[in-house]
Amino acid sequence: MGQFEGKIAIVTGGSRGIGRAIALELGKHGATVVVNYNQSADAAEAVIAEIKAAGGDGMPFQCDVSDADQVIEMFKQVTKTYGQLDILVNNAGVTRDNVIMMLKPDDFDKVIDTNLRSAWLCSKAASRTMMKQRSGRIINISSVVGIAGNGGQTNYAASKAGLIGLTKALAKEIAPRGVTVNAVAPGFIGTDMTSELSDEIKETAISHIPLGRMGLPEDVAKAVAFLASDDAAYITGQVLVVDGGMVM
Ligand code: NAP
């Protein structure tokens with residue numbers, strides 16, 4: 001029997017990249033996984049098909065997680081369908097990179113809304129159910145950039161640092177109800193998000209990674225699965241860095 005047997009999980013942005021790997025990892029160990037997506041319907045369907053082929057269960061769910069009404073509706077539907085919610089992974093994220101002089105206010109708002117506001121909205125909706133249950137796990141996908149900063153990513157770094165503040169404040173607030181809240185801060189991971197970068201930027205980034213390679217989405221997924229598991233019951237308000245030693 002898998003360690004997440006009988007658990008219901010929502011992974012935001014579960015259609016591609018790191019979110020996809022997290023959904024597959026939780027599904028592989030028995031969780032029923034709601035694979036949230038915004039635009040990539042076929043990819044989300046494919047993740048669910050893969051989970052089902054491995055003996056698991058779940059459903060894709062379209063929702064722009066930066067939209068408050070859509071988020072409320074998604075959580076309403078999920079709790080109506082499954083009657084419980086055990087794991088929320090706030091993973092959906094975007095970048096709009098440029099030097100501050102070139103960034104527009106819309107580039108700031110888009111990144112903050114998709115990466116940070118979304119996590120606050122989803123955590124608010126999930127907390128209601130989890131506090132009633134007196135159990136639950138919320139895991140926010142931050143970034144090492146939220147810890148160390150990175151030129152050209154003022155908007156993104158602000159969103160990812162914000163996620164760490166959210167993680168700690170909510171961890172303190174809902175720990176008495178048996179819900180833990182943690183963050184995972186990935187380094188440089190091979191996904192669509194990083195495939196857009198030039199070879200030069202990639203090579204420079206890898207040269208700063210002591211373990212000498214980019215991370216795999218699965219490297220992040222294993223850390224998330226640990227924080228979602230019973231083994232992490234006494235861990236809350238923490239940031240687990242998964243970056244091959246890049247930031248320490
Ligand atoms: P990715 O391959 O670009 O995938 C992004 C995912 O987010 C997609 O599934 C996308 O779904 C979803 N998404 C975007 N906007 C959304 C919205 N408004 N509502 C719902 N879903 C939305 O990115 P990734 O590299 O896997 O990154 C996943 C997370 O890890 C992000 O938060 C990112 O900041 C973080 N991270 C990544 C790295 C890295 O090196 N890759 C490092 C540190 C942190 P649709 O396609 O359906 O829109």
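Every value quoted in this text rests on a predicted model; they were computed, and no experiment measured them. Counting starts at 1 for both ligands and their atoms, in listed order.
Summarising the local packing, NZ of Lys202 is surrounded by more than 12 heavy atoms from other residues, nucleotides or ligands at distances under 6.0 Å. Residue Leu216 qualifies as enclosed at atom CG: its count of foreign heavy atoms under 6.0 Å is above 12. By the neighbour-count criterion of 12 heavy atoms within 6.0 Å, atom CG of Asp42 is sparsely surrounded, having that number or fewer from other residues, nucleotides or ligands. The environment of CZ in Arg137 is crowded: more than 12 heavy-atom neighbours from other residues, nucleotides or ligands sit within 6.0 Å.
Looking at Asp243, its side chain does come within 3.5 Å of a backbone N or O of Met246 through a donor-acceptor pair. Judged purely by atom type and a 3.5 angstrom limit, Ser198 uses its side chain to pair as donor or acceptor with the backbone of Ile201. Remark: side-chain polar atoms of Arg117 are paired, donor with acceptor, to backbone N or O of Ser66 under 3.5 angstrom. Put simply, the side chain of Thr95 never gets that close to the backbone of Asp97: no donor and acceptor are under 3.5 Å apart. Proximity of a side-chain donor or acceptor of Asn140 to a complementary backbone N or O of Ser142 within less than 3.5 Å is not detected. A donor-acceptor contact shorter than 3.5 Å is absent between the side chain of Asn38 and the backbone of Gln62. Looking at Asn182, its side chain does come within 3.5 Å of a backbone N or O of Gln238 through a donor-acceptor pair. A donor-acceptor contact shorter than 3.5 Å is absent between the side chain of Asn36 and the backbone of Val11. Listed for the Thr114 side chain is no donor-acceptor partner under 3.5 Å among the backbone atoms of Val94.
Interface of Phe188 with ligand 1, defined as ligand atoms under 4.0 Å from a residue heavy atom, comprises 40 (O). Per-residue contacts place Cys63 under 4.0 angstrom from the following atoms of ligand 1 (heavy atoms of the residue considered): 19 (N), 20 (C). Counting atoms of ligand 1 from 1 in the listed order, those under 4.0 Å from a heavy atom of Thr114 are 15 (N), 16 (C), 18 (N). The atoms of ligand 1 that sit less than 4.0 Å from any heavy atom of Gln39 are 45 (P), 47 (O), 48 (O). Less than 4.0 angstrom separates some heavy atom of Asn36 from each of these atoms of ligand 1: 20 (C), 21 (N).
The shortest N or O to N or O distance between Val65 and ligand 1 is under 3.5 Å. Residue contacts with ligand 1: Asp64 is placed with a nitrogen or oxygen under 3.5 Å of a nitrogen or oxygen of the ligand (distance criterion only).
Residue contacts with ligand 1: Ser118 is excluded, as none of its non-hydrogen atoms falls under 4.0 Å. Remark: distances from the non-hydrogen atoms of Pro217 to ligand 1 are all 4.0 Å or more. Under the 4.0 angstrom criterion for non-hydrogen atoms, Asn115 is not in contact with ligand 1. For Lys160, the closest heavy-atom approach to ligand 1 falls below 4.0 Å.
The closest protein non-hydrogen atom to atom 11 (O) of ligand 1 is Ser15 OG, 3.3 Å. Among protein heavy atoms, the minimum distance from atom 37 (C) of ligand 1 is reached at Ile18 CD1, 3.6 Å. Protein heavy atom at the shortest distance from atom 42 (C) of ligand 1 is Gly187 O, 3.0 Å. What sits closest to atom 40 (O) of ligand 1 on the protein, heavy atoms only, is Ile189 N, 2.8 Å. Counting protein heavy atoms only, atom 31 (C) of ligand 1 is closest to Asn91 O, 3.1 Å. At the top of the distance list for atom 34 (O) of ligand 1, counting protein heavy atoms only, stands Tyr156 OH, 2.5 Å. Given atom 12 (C) of ligand 1, the protein heavy atom at minimum distance is Gly13 CA, 3.5 Å. For atom 3 (O) of ligand 1, the closest heavy atom belonging to the protein is Arg16 NH1, 3.5 Å.
The option from Thr191, Val71, Val242, Val144 that lies nearest to atom 25 (O) of ligand 1, judged by heavy atoms, is Thr191. Counting only non-hydrogen atoms, the option in Gly17, Gly93, Ala185 that gets closest to atom 14 (C) of ligand 1 is Gly93. Which of Ser143, Ala92, Ala41, Gly19 comes nearest to atom 13 (N) of ligand 1 through a heavy atom is settled by distance: it is Ala92.
Of the heavy atoms in Thr12, none comes closer than 4.0 Å to ligand 1. In Ala43, neither the side chain nor the backbone holds a heavy atom less than 4.0 Å from any atom of ligand 1. Contacts with ligand 1 closer than 4.0 Å are made by side-chain heavy atoms of Thr194 only, the backbone lying farther away. Of all the heavy atoms of Asp192, the ones lying under 4.0 Å from any atom of ligand 1 are found in both the backbone and the side chain.
Under a 4.0 Å N-O distance rule, the pair Arg213/Asp219 qualifies as a salt bridge.
Applying the side-chain contact (heavy atoms from CB on, under 4.5 Å) test between Val181 and each of Asn90, Ile139, Leu88, Leu170 identifies Leu170 as the sole match.
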